[in-house]
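When a residue number appears, it is its place in the shown sequence, counting from 1.
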Amino acid sequence: MYCGSVAKEYVLSSFRTLESAEVLLYEYGGVQREIGYGVAVSKFFRALSHVQCLEIYAETLETLSTVDDFVNILPHVFHDVDELILKDGKTTDKSLFLLLKALPNLRWLVFEESCIAGNKEVEHSWVGHMLTAGCMFQHLETVYIVRFSGNARQMRWVKLILKTANTLEAVILSLRSDDSINQEALMSDLQSLPRASDGCEFEFEEY
């Protein structure tokens with residue numbers, strides 16, 4: 001796991017044997033606004049481009065979004081990543097779209113608790129993101145959402161994934177046992193949504 005701010009230089013040879021990486025970047029004394037920080041972050045992520053499993057904290061995406069050249073920090077370099085775990089924390093849809101478009105061969109996607117909870121952006125922003133969503137989820141097989149409540153933002157993401165992921169096999173929704181969710185009504189709503197994959201099944205888990 002890498003936790004902290006990004007250094008300007010690394011011994012990148014040590015990254016080559018990694019099969020998975022867990023990344024937590026956070027703001028530290030405004031360092032992310034220093035000249036050259038964006039280049040350092042881009043170099044850091046390129047060094048991880050070969051990993052198969054990427055675990056990234058929501059705070060990392062929010063920290064990166066303050067960098068001027070954030071769009072260029074996450075290019076389409078993660079061709080080997082087939083599993084993405086978005087760790088606990090609040091995110092914006094903008095940062096999620098940029099990350100997911102950098103993972104063209106993603107097969108397993110996990111949203112941990114609160115990553116897509118709440119409505120961080122207004123509807124017209126989501127419409128703008130949708131215009132660039134065509135390259136996402138082309139190989140996605142499984143989606144796992146922790147503490148699914150069916151709020152508006154979670155449903156927007158579920159609808160997008162169902163509509164674009166033509167290889168999707170399972171959508172697993174983890175529900176807290178003390179949450180008042182009518183599973184039968186929720187299942188009925190989900191089953192009525194348009195799906196690109198006829199073989200997609202919905203599963204509920206309680207914790």
Side-chain angles (χ1 to χ4, degrees), residues 1-6 15-26 41-42 44-65 70 73-118 120 129 133 135-151 153-162 164-165 167-176 197 200-207:
M1 176 181 178
Y2 185 89
C3 178
S5 185
V6 171
F15 286 62
R16 295 173 184 169
T17 59
L18 294 176
E19 295 182 359
S20 63
E22 186 176 353
V23 182
L24 170 57
L25 301 182
Y26 53 79
V41 174
S42 180
F44 173 78
F45 277 104
R46 286 180 184 276
L48 297 175
S49 62
H50 63 283
V51 301
Q52 296 177 340
C53 176
L54 179 63
E55 298 184 52
I56 187 165
Y57 283 78
E59 186 174 348
T60 299
L61 294 180
E62 298 312 291
T63 298
L64 293 180
S65 67
F70 176 49
I73 287 175
L74 294 174
H76 291 293
V77 296
F78 295 107
H79 292 287
D80 292 329
V81 174
D82 60 15
E83 181 176 354
L84 173 66
I85 302 174
L86 290 163
K87 307 289 282 188
D88 190 27
K90 295 181 179 180
T91 62
T92 62
D93 291 326
K94 176 183 177 181
S95 62
L96 286 176
F97 269 85
L98 288 172
L99 174 62
L100 290 166
K101 285 190 289 186
L103 307 170
N105 296 312
L106 191 64
R107 298 175 60 189
W108 179 278
L109 173 60
V110 178
F111 292 103
E112 289 198 350
E113 187 171 345
S114 80
C115 282
I116 53 174
K120 293 273 288 183
H129 298 321
C135 60
M136 296 162 53
F137 309 129
Q138 295 301 302
H139 302 281
L140 191 64
E141 296 177 358
T142 304
V143 177
Y144 184 68
I145 302 177
V146 178
R147 195 171 184 181
F148 184 82
S149 64
N151 66 56
R153 189 179 183 208
Q154 288 177 336
M155 289 302 295
R156 286 203 300 267
W157 276 100
V158 169
K159 289 176 183 178
L160 173 62
I161 292 169
L162 290 175
T164 57
T167 60
L168 193 63
E169 297 176 358
V171 176
I172 305 170
L173 307 176
S174 178
L175 313 175
R176 282 187 55 167
S197 172
C200 175
E201 299 290 340
F202 295 98
E203 300 178 24
F204 292 128
E205 292 184 358
E206 289 189 358
Y207 72 101

Distance-minimising heavy-atom pair for Leu175 and Phe148: CD2-O, 3.1 Å
Test item: Thr167 side-chain N/O and Leu140 main-chain N/O as donor-acceptor pair under 3.5 Å: yes
Matching residue for Leu86 among Thr91, Leu109, Val110 - test: side chain to side chain contact (heavy atoms under 4.5 Å, CB included): Leu109
Cys115 side, atom SG; Arg153 side, atom CZ - distance, nearest 0.5 Å: 8.5 Å
Any side-chain heavy-atom pair of Val146 and Asp88 under 4.5 Å: no
Contacts of Glu203 that satisfy side-chain contact (heavy atoms from CB on, under 4.5 Å) - sequence neighbours left out: Ala170, Ile172
Spacing of CD belonging to Gln138 relative to CG belonging to Leu106, to within rounding of 0.5 Å: 11.5 Å
Least distance between heavy atoms, Thr142 atom then Leu168 atom: N-CD1, 4.0 Å
Ile161 side chain reached by Val171 side chain, heavy atoms, under 4.5 Å: no
Which atom of Val51 lies closest to which atom of Leu18, heavy atoms considered: CG1-O, 3.9 Å
Spacing of CD belonging to Glu205 relative to CG belonging to Leu173, to within rounding of 0.5 Å: 9.0 Å
Partners passing side-chain contact (heavy atoms from CB on, under 4.5 Å) against Glu169 (at least two apart in sequence or in another chain): Glu141
Heavy-atom check, side chain of Leu96 versus side chain of Trp157, under 4.5 Å: yes
Nearest-0.5 Å distance, CD of residue Gln52 to CD of residue Glu19: 5.5 Å
Contacts of type side-chain contact (heavy atoms from CB on, under 4.5 Å), residue Glu83, not counting sequence neighbours: Cys53, Ile85, Trp108
Test item: Asp82 side-chain N/O and Arg107 main-chain N/O as donor-acceptor pair under 3.5 Å: no
For Asp80, all residues meeting side-chain contact (heavy atoms from CB on, under 4.5 Å), sequence neighbours excluded: His50
Residue pair His79 / Pro104, side-chain heavy-atom distance below 4.5 Å: yes
Straight-line distance of Met155 CE to Ile116 CD1, nearest 0.5 Å: 10.5 Å
Partner set under side-chain hydrogen bond (donor to acceptor under 3.5 Å, both in side chains) for Glu201, not counting sequence neighbours: none
Straight-line distance of Lys101 NZ to Met136 CE, nearest 0.5 Å: 7.5 Å
Sub-4.5 Å side-chain heavy-atom contact between Asp93 and Arg156: yes
Which residues share a side-chain hydrogen bond (donor to acceptor under 3.5 Å, both in side chains) with Glu112, sequence neighbours left out: none
